[in-house]
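Worksheet: one structure, shown below.
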Amino acid sequence: QVQLVQSGGGLVQPGGSLRLSCAASATIFNIYTMGWHRQAPGKQREWVALITSSGMTNYADSVKGRFIISRDNAKNTVYLQMNSLQPEDTAVYYCNAQVVVSYGTPSTNYWGQGTQVTVSS
């Protein structure tokens with residue numbers, strides 16, 4: 001019933017910037033927390049950032065001060081602005097959202113399909 005569609009990945013040089021987007025494709029009752037994770041080759045998936053319904057944000061230490069998470073509730077979309085990118089930021093990035101699809105149903109965590117971010121000179 002709910003799909004999260006990601007866009008905005010690609011190749012960038014060290015020090016550059018990218019902006020990732022993730023939009024829910026279906027009408028839903030409510031979205032609670034939205035966030036981003038990433039997984040580099042040969043490494044465990046790492047939590048990156050989250051944003052609550054009220055706009056409160058939290059970041060992993062590895063991206064704090066460089067990345068900014070935001071959301072547009074009218075568009076059911078979460079963004080990740082990535083600045084001062086470094087080679088160690090290279091990973092597949094996944095968005096997620098805690099969604100209530102209709103009144104009276106429990107919340108469910110949905111995931112985007114993932115998008116590749118490569119930081120290389």
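Values reported hereafter were calculated over all heavy atoms of this structure, with side chains retained and with hydrogens, waters and symmetry mates removed.
For the pair Val101/Tyr110, a side-chain contact is recorded, criterion being any heavy-atom separation below 4.5 Å from C-beta on. Residues Val78 and Ile69 meet the side-chain proximity criterion, which asks for heavy atoms closer than 4.5 Å. Counting heavy atoms from C-beta on, the side chains of Met56 and Ile51 never come closer than 4.5 Å. Under the 4.5 Å side-chain criterion, counting only non-hydrogen atoms from C-beta, Asp72 is in contact with Tyr79. In this structure, the side chains of Ile31 and Asn73 stay at 4.5 Å or more apart for every pair of heavy atoms. Side-chain atoms of Val117 and Thr90, non-hydrogen and from C-beta on, never get closer than 4.5 Å to each other. Considering only heavy atoms from C-beta on, Val63 stays 4.5 Å or farther from Trp47 through its side chain. Looking at Val99 and Thr108, their side chains never come closer than 4.5 Å, going by heavy atoms from C-beta outward.
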* To do: Could you check Thr105 against Val100 for side chain to side chain contact (heavy atoms under 4.5 Å, CB included), going step by step and ending with a plain yes or no?
  => CA-CA 6 Å; Thr105 65; Val100 178; 3.8 Å; yes

* Decide side-chain hydrogen bond (donor to acceptor under 3.5 Å, both in side chains) for Ser62 and Glu88; before the verdict, give the C-alpha distance in whole Å, the side-chain angles of both, and the deciding distance to 0.1 Å. => CA-CA 9 Å; Ser62 58; Glu88 51 264 42; over 6 Å; no

* Asked: Does the side chain to side chain contact (heavy atoms under 4.5 Å, CB included) test come out yes or no for Trp36 and Cys22, once each step is laid out?
  -> CA-CA 9 Å; Trp36 294 90; Cys22 173; 3.8 Å; yes

* Just do the side chain to side chain contact (heavy atoms under 4.5 Å, CB included) check on Leu50 and Thr57 with the steps written out, would you? => CA-CA 6 Å; Leu50 66 84; Thr57 59; over 6 Å; no

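In this structure Tyr32 satisfies the ring pair (Phe, Tyr, Trp, His ring centres under 6.0 Å) test with no other residue, sequence neighbours excluded. The salt bridge (Lys or Arg N to Asp or Glu O under 4.0 Å) search around Arg45 returns none, not counting sequence neighbours.
Within 6.0 Å of CD in Gln3 there are 12 or fewer heavy atoms belonging to other residues, nucleotides or ligands.
Here the OG atom belonging to Ser17 is positioned 8.5 Å from the CE atom belonging to Met82, to the nearest 0.5 angstrom. For the atom pair Leu80 CG and Thr115 OG1, the distance stands at 11.5 Å (nearest 0.5 Å). Taken from OG in Ser107 to CD in Gln98, the straight-line distance is 4.0 Å, to the nearest 0.5 Å. Asn83 CG to Arg19 CZ: the interatomic distance, rounded to the nearest 0.5 Å, is 10.0 Å. Arg38 CZ to Lys43 NZ: the interatomic distance, rounded to the nearest 0.5 Å, is 10.0 Å. Between the CD atom of Gln44 and the CD atom of Gln39 there is a distance of 8.5 Å, given to the nearest 0.5 Å.
Of all heavy-atom pairs between Ala97 and Leu4, the closest is N-CD1, 3.7 Å. Across all non-hydrogen atoms, the minimal contact from Asn76 to Met34 is O-CE, 4.3 Å.
The main-chain N or O of Ser84 is found under 3.5 Å from a side-chain atom of Arg66 such that the two form a donor-acceptor pair. Put simply, the side chain of Gln86 never gets that close to the backbone of Gly15: no donor and acceptor are under 3.5 Å apart. Checked by atom type and distance alone, the side chain of Thr77 pairs as donor or acceptor with a backbone atom of Lys75 at under 3.5 Å. When atom types are taken as modelled, the side chain of Gln6 and the backbone of Tyr93 share a donor-acceptor pair closer than 3.5 angstrom.
Hydrophobic clustering, defined by side-chain heavy atoms of Ile, Leu, Val, Met, Phe, Trp and Tyr closer than 4.5 Å, groups Tyr94 together with Val92, Trp111.
No hydrogens or angles considered: a donor-acceptor pair under 3.5 Å links the side chains of Thr52 and Ser54.
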